[in-house]
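Quick note on labels: first sequence line is chain A, next is B, and so on, each numbered from 1. Only this structure's heavy atoms are used, side chains among them; waters, hydrogens and symmetry mates stay out. Computed from a prediction, not measured in an experiment: that's the story for all the values here.
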2 protein chains.
Amino acid sequence: MHSLRPLETASAHDRVYRGLRTRIMHGQIAPGQALTLRGLGKEFGVSMTPAREAAQRLVAEGALQMSISGRLSTPELSNERIEELAALRALIEVELASRALPRAHMQLIERMQNINNGIADVVSNRDAVGYIRTNLEFHRTLYLRAQAPAMLAMCETVWLQLGPTMRMLYGRLRRTEAPQYHRLILAALQSGDEPGLRLAVRSDVTQGLRMLAS
Amino acid sequence: MHSLRPLETASAHDRVYRGLRTRIMHGQIAPGQALTLRGLGKEFGVSMTPAREAAQRLVAEGALQMSISGRLSTPELSNERIEELAALRALIEVELASRALPRAHMQLIERMQNINNGIADVVSNRDAVGYIRTNLEFHRTLYLRAQAPAMLAMCETVWLQLGPTMRMLYGRLRRTEAPQYHRLILAALQSGDEPGLRLAVRSDVTQGLRMLAS
DNA sequence: CATACGCGTATGTGATCACAAAAATCGAAA
DNA sequence: TTTCGATTTTTGTGATCACATACGCGTATG
């Protein structure tokens, strides 16, 4: 029943918004990177007006910050802010996973396993952006089953705010395999173990935080 | 260290945004109410451009919805959506209250008591908007102590989405006194009872939902 | 060599306009 | 009276422009 607008008729500001949002969420833009409206407009082939709307929207979602003079940049998050956002991820994603559990059939689990196997590839290539994208896809695949669009939207907003920082974090990471907690998540899904699932998701989400302390 | 911009130099779109946002959050606009950019512009004394930016931003936050043709209106929430938003309120506000508890000294509790006493007045006047505003002020006063701006922002976004619906809900309510759970919240704060506080906040936040079932 | 000043350029803001599409209005026919 | 269709009006979109201001760089001065 969703009325999806055809891509070729999507408004200009939506194209800019989606393009920028994806880049930010996947960590393709470093923290503190400056952006200009004319630059965005030229890049996406539109005038300043749609670029401004897209930027304003991303500022409202915390994906960009705007100085008092109106200059745009990706935010450099303080450690306190990162802790807060990780706590929000834990709260919301545990709830989403819990709601998805009763509907998580074998087909879904297999799809998640496939995605998780793909993480090994991007990890071996030292591809930080690919790692973030695949990791988020793993989580989103599960959460979509929760049938909770408002919660998922909030969750993605948090991902968005963490995007530039995640790149920095995962860039430091010397990882050789997919996250260990992903296997725990999959195991808990298969056995229908709700407490185990909640713990596994919480651990997976907050593990990145521990790298900050070191 | 916050660099607050003086109000008299606030940008036009910020004035429109704040004005509209307050109205929506406090339930001054009924669900399904239509809005036009030119109308908003005229009302706030600005051209269409700032009105559009403010509207886009509120759409991004879920406070307004936009039809495929670009028409603006306050959303009419389904029961499932309301349940979801109430669950989000419960998740986030319980966490905020828990974080505020160690910092909630007597002065803060007294301030909250004063606000809560004010609820009796607006209730006796059958003032739905005043009730919502005062109720939210009660909660925000506590949550500000949590020192968690990202969480508070998410929380307020949920309030915003529920604004038009809250008016409808509380409009039906035949209430003669302040919410019972507010007293429990205050008692738990005074005694430093964290489990009791979490339960009281969760109950207060989800109580409105029960009116839907009836 | 460091710092402060000043000028030129880059940048965001808000108003206005032309255009297309949707909604509303009015009239005619069944 | 109702319903369908054409026309008029309303509305959102995106481009462009003038303007004010902030930034950056070069120069001069201590």
> Could you tell me whether the phosphate oxygens of C:dA15, OP1 or OP2, come under 4.0 Å of any side-chain nitrogen or oxygen in B:Ser47?
yes

> Whole angstroms only, please: what is the CE-P distance between B:Met48 and C:dC17?
12 Å

> Whole angstrom is fine here: how far is it from CG in A:Leu35 over to P in C:dT11?
11 Å

> Of all the choices, C:dG12, D:dT13, C:dA15, which nucleotide is nearest to the side chain of B:Thr49 once you look at every atom?
C:dA15

> Looking only at non-hydrogen atoms, find the nearest pair between B:Ile119 and B:Val122 and report the distance.
O-CG2, 3.1 Å

> With a 3.5 Å cut-off and heavy atoms only, can you find an N or O donor on one side and an acceptor on the other between the side chain of A:Arg38 and the base of C:dG12?
yes

> Could you please name the option among D:dG14, D:dA15, C:dT13 that lies closest to any side-chain atom of A:Val46?
D:dA15

> Please tell me if the side chains of A:Leu162 and A:Leu169 come closer than 4.5 Å, counting only heavy atoms from C-beta onward.
no

> Nearest to the side chain of A:Arg71 - D:dG12, D:dG14, D:dC23?
D:dC23

> Whole-Å distance between D:dT11 P and B:Ile68 CD1?
17 Å

> What's the CG-C1' distance between A:Leu37 and C:dA10, to the nearest Å?
12 Å

> Say whether, by atom type as modelled, one donor and one acceptor occur between the side chain of B:Arg103 and the main chain of B:Arg145 under 3.5 angstrom.
yes

> Output the single nucleotide from D:dT13, D:dG14, C:dT13 whose closest atom is nearest the side chain of A:Ala12.
D:dG14

> Scan B:Leu40 against the nucleic acid and name what it touches under 4.0 Å (heavy atoms): base, sugar-phosphate only, or nothing.
nothing

> Whether A:Ser67 contacts D:dA22 is assessed here as follows: a side-chain N or O lying under 4.0 Å from the phosphate OP1 or OP2. Is that the case?
no

> When only distance counts, do a donor and an acceptor, one from the side chain of B:Ser69 and one from the base of C:dA21, lie under 3.5 Å apart?
no

> Counting side-chain heavy atoms from CB outward, which of D:dG12, C:dG14, C:dG12 is closest to B:Pro50?
C:dG14

> Would you mind checking if A:Glu95 and A:Arg99 are paired as a salt bridge, meaning a charged N to carboxylate O distance below 4.0 Å?
yes

> Do B:Arg52 and D:dG14 have a side chain to base donor-acceptor pair shorter than 3.5 Å?
yes

> To the nearest angstrom, how far is B:His13 atom NE2 from C:dT13 atom P?
7 Å

> Can you tell me how far C1' of C:dT11 sits from NZ of A:Lys42, to the nearest Å?
13 Å

> Below 30° counts as parallel, above 60° as perpendicular, anything between as tilted: where do the rings of A:His182 and A:His139 land?
perpendicular

